[in-house]
Amino acid sequence: MSHPFEAIVLGAGAAGLVCALTAAQRGRRVLLADHLARPGKKLRIAGGGRCNFTNLHMDASHYFGANPRFAVSALARFGPWDAVEFVARFDCGFEERDQGKLFLDVSADRLADGLLDACREAGVTFAFGEPVRSLEGGEIFTLRTESGVFAASRAVLALGGPSWRGAGASDLGFRLARRFGLAIQPPRPALAPIPWTGAAGLSPADLSGISLPVGVSCGPERFVDDLLFTHQGLSGPAALRATLRPAFASAPLRLDFLPGEDIFDVLALSSGKTLARNALAKRLPARLAEALCADVGGRRLADLTRAERDALATRVKDFALRPSGDPKQARAEVTTGGVDTAAICQKTFAARPAPGLYVVGETLDVTGDLGGYNIHWAFVSGMAAGTAL
Ligand code: FDA
C-alpha cells in the first residue's frame, strides 16, 4: 500500500480543491483524486468562463433541500466578502452584475489553476486522470484507482452531482454515500432549460429568440427574472430558476408577462380604435403580443366584451403552462437532492453514520439558486471540512 495519507479527498472540483488546500495548509497529508487529468472543469466553465463565484445577497433563503436551515451556520462563517478575499489570493478580482452576482474579472481558469498550484505547493498529492475503482471504509479508508491503492483515516466525498457529464460529472458520490449508510434525497436535474412544445396559441417556433422579464410563480414561490423562448421551449434565468423550485415537478408554471404593471392600465393607454395586439405591443415584443391576442388580436379594444378583456388579462398576467418533458441532465447546471443532511454535522460536514467520512459541495442535498450560490457553497463546505480533517 502506497503513501500514508491522513485524508483522501475524492473529487477535485471547487469543493474538493478548497477542502484539500485548507487541510494541507494545516499540515495534513492529503491525497486528492479525480478521474479527469485536468480537473476543476465545472469551475472553469461556470458563468460562461468567468465563474459567478458568490452573491452579495448571500443567505440560506437562496438554498433548497430537505432541511433549508442546514446551510445557515456555515454561511454565517463565510460570506461574500470572504469569497472575494479568497479568490484574490489567486490574483482574481471581481465584477458585480445584476442581482448581486459577483463574477471573476479574469478567466475562471486562473482560479482553477491557482487552486491546483496552491494545493501542490501545500504538499497535496494528486491522483488525477484515473477512474476510481472503489473506496472501502472501516478504521481506515482504502481508495483503489486504476494504478494505485491509497489509505487514510479520513475520506471526503467531494464528487459533485451527476449533471453535465461533459464536465466530468457522475453519480459516484451518491453511490459511495449509500454504501456508507447515508440516505439520498431523490436527485433531479435543475437550473436547466424547460422543454415545452407550446400551448393555448403560444408556440416556441413562433416565439423563439424573444427575451423579456417575466414574473414566475411555481407553487407558493414567485420571482421576476429574464425568460428566453427557444425552439425547444423556455430558457434564460427565469426558466432555469423555476426548475429548482420544489413545486416544479407537480405544479404548473404561471407566467406574468407584465410584472409590476396593471394590464388594464396598459390597455387604457391606447384608444378604443386600437387593435388589441397593437395595444399590447406597446409593452411587449410584437410577436408575443400577437400570440397572446390569438383570439382577439385583430379586433379593436372598444369591441371587446368584458369577458374577452378579462380572458386577455389572464393570458398576459397569469399564463399557466406545463412543461412537455423533464429538464435534461446533460444541460442542467446542478442536481438537486443528494446526501441527506440529517446525518451531516453542520459545522464539520462529518457524516455521523460513518466515522471519518465527510461530504461536501453539490454531493449534499443543498442546492443554491442561480447567481453564484453553488460555487459559494462548494467553497464554504470544502473549507469547513478541510478545517476539521
Ligand atoms: P464539481 O462537480 O465541481 O466537482 C466534482 C469533481 O469530482 C469533478 O472534478 C469530477 O471530475 C470529479 N468526479 C466526478 N465523478 C468522478 C468519478 N467517478 N471518479 C473520479 N472523480 C470524479 N455555480 C455557480 O455558483 N456559479 C456559476 O457561474 C455556475 N455556472 C455553471 C455553469 C455550468 C455550465 C455548470 C454545469 C454548472 C455551473 N454552476 C455554477 C454550478 C457549479 O459549477 C457546481 O454546483 C459546483 O461546481 C459544484 O462543485 P463541487 O466541487 O461540489 O462539484
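Since this is a predicted model, take the numbers as computed values, not measurements. One is the number of the first residue; the rest follow in order along the sequence. Ligands are counted one by one from 1 in listed order, and the atoms in each one are counted from 1 as well.
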Which atoms of ligand 1 are found less than 4.0 Å from any heavy atom of [X]?
{"X": "A14", "value": "3 (O), 51 (O)"}
{"X": "Y373", "value": "25 (O)"}
{"X": "I45", "value": "34 (C)"}
{"X": "A12", "value": "6 (C), 9 (O)"}
{"X": "A158", "value": "5 (C), 6 (C), 7 (O)"}
{"X": "L36", "value": "11 (O)"}

- Residue from R245, H57, Q99 passing side chain to side chain donor-acceptor pair (under 3.5 Å) with D369: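 Option passing the side chain to side chain donor-acceptor pair (under 3.5 Å) with D369: R245.
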
Starting from [atom], find the nearest protein heavy-atom neighbour and note its residue, name and distance.
{"atom": "atom 13 (N) of ligand 1", "result": "H35 NE2, 3.5 Å"}
{"atom": "atom 53 (O) of ligand 1", "result": "G160 CA, 3.3 Å"}
{"atom": "atom 49 (O) of ligand 1", "result": "A378 CB, 3.8 Å"}
{"atom": "atom 18 (N) of ligand 1", "result": "S170 OG, 3.2 Å"}

- Query: Hey, what do you get for CD (E333) to CG (L244), rounding to the nearest 0.5 Å?
  - Reply: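 The CD atom of E333 sits 10.5 Å away from the CG atom of L244.
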
Can an N or O of [X] be found at a distance shorter than 3.5 Å from an N or O of ligand 1?
{"X": "W164", "answer": "no"}
{"X": "G47", "answer": "yes"}
{"X": "I375", "answer": "yes"}
{"X": "E130", "answer": "no"}
{"X": "G361", "answer": "no"}
{"X": "D34", "answer": "yes"}
{"X": "N52", "answer": "yes"}
{"X": "A15", "answer": "yes"}

- Item | Cationic tip of R120 above F126 ring, under 6.0 Å, 45° of axis |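 No, R120 and F126 do not form such a contact.
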
- Query: Should the pair R97 and F103 be classed as cation-pi, given the thresholds of under 6.0 Å to the six-membered ring centre and 45° from the axis?
  - Reply: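 Yes, a cation-pi geometry.
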
- Query: Does the ring center of F78 lie less than 6.0 Å from the ring center of H376?
  - Reply: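 Yes, they do, as the ring centres are separated by less than 6.0 Å.
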
- Item | L75 side chain reached by M58 side chain, heavy atoms, under 4.5 Å |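 Yes, side chains in contact.
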
- Within a strict 4.5 Å, meaning less than it, do heavy atoms of the T243 and I194 side chains meet?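 Sidechains of I194 and T243: in contact.
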
- salt bridge (Lys or Arg N to Asp or Glu O under 4.0 Å) evaluation trace for R315 with D310: CA-CA 9 Å; R315 280 168 72 77; D310 287 348; over 6 Å; no

- side-chain hydrogen bond (donor to acceptor under 3.5 Å, both in side chains) involving R110 - partner list, sequence neighbours excluded: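 Applying side-chain hydrogen bond (donor to acceptor under 3.5 Å, both in side chains) to R110 gives none.
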
- Query: Out of L143, L32, V156, which residue meets the side-chain contact (heavy atoms from CB on, under 4.5 Å) rule with L10?
  - Reply: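 Between L10 and the candidates, side-chain contact (heavy atoms from CB on, under 4.5 Å) is satisfied uniquely by L143.
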
- Query: If hydrogens are left out, which of A46, G166, A33 has an atom nearest to atom 27 (C) of ligand 1, that is, the closest non-hydrogen atom?
  - Reply: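 It is A46 that holds the nearest heavy atom.
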
- Task: Could you tell me which residues satisfy ring pair (Phe, Tyr, Trp, His ring centres under 6.0 Å) with F94, sequence neighbours excluded, listed by chain and number?
- Result: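 F94: ring pair (Phe, Tyr, Trp, His ring centres under 6.0 Å) contacts with W81.
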
- Any heavy atom of V132 sitting closer than 4.0 Å to ligand 1?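 In this structure, V132 qualifies as a contact of ligand 1 - some heavy atom is under 4.0 Å.
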
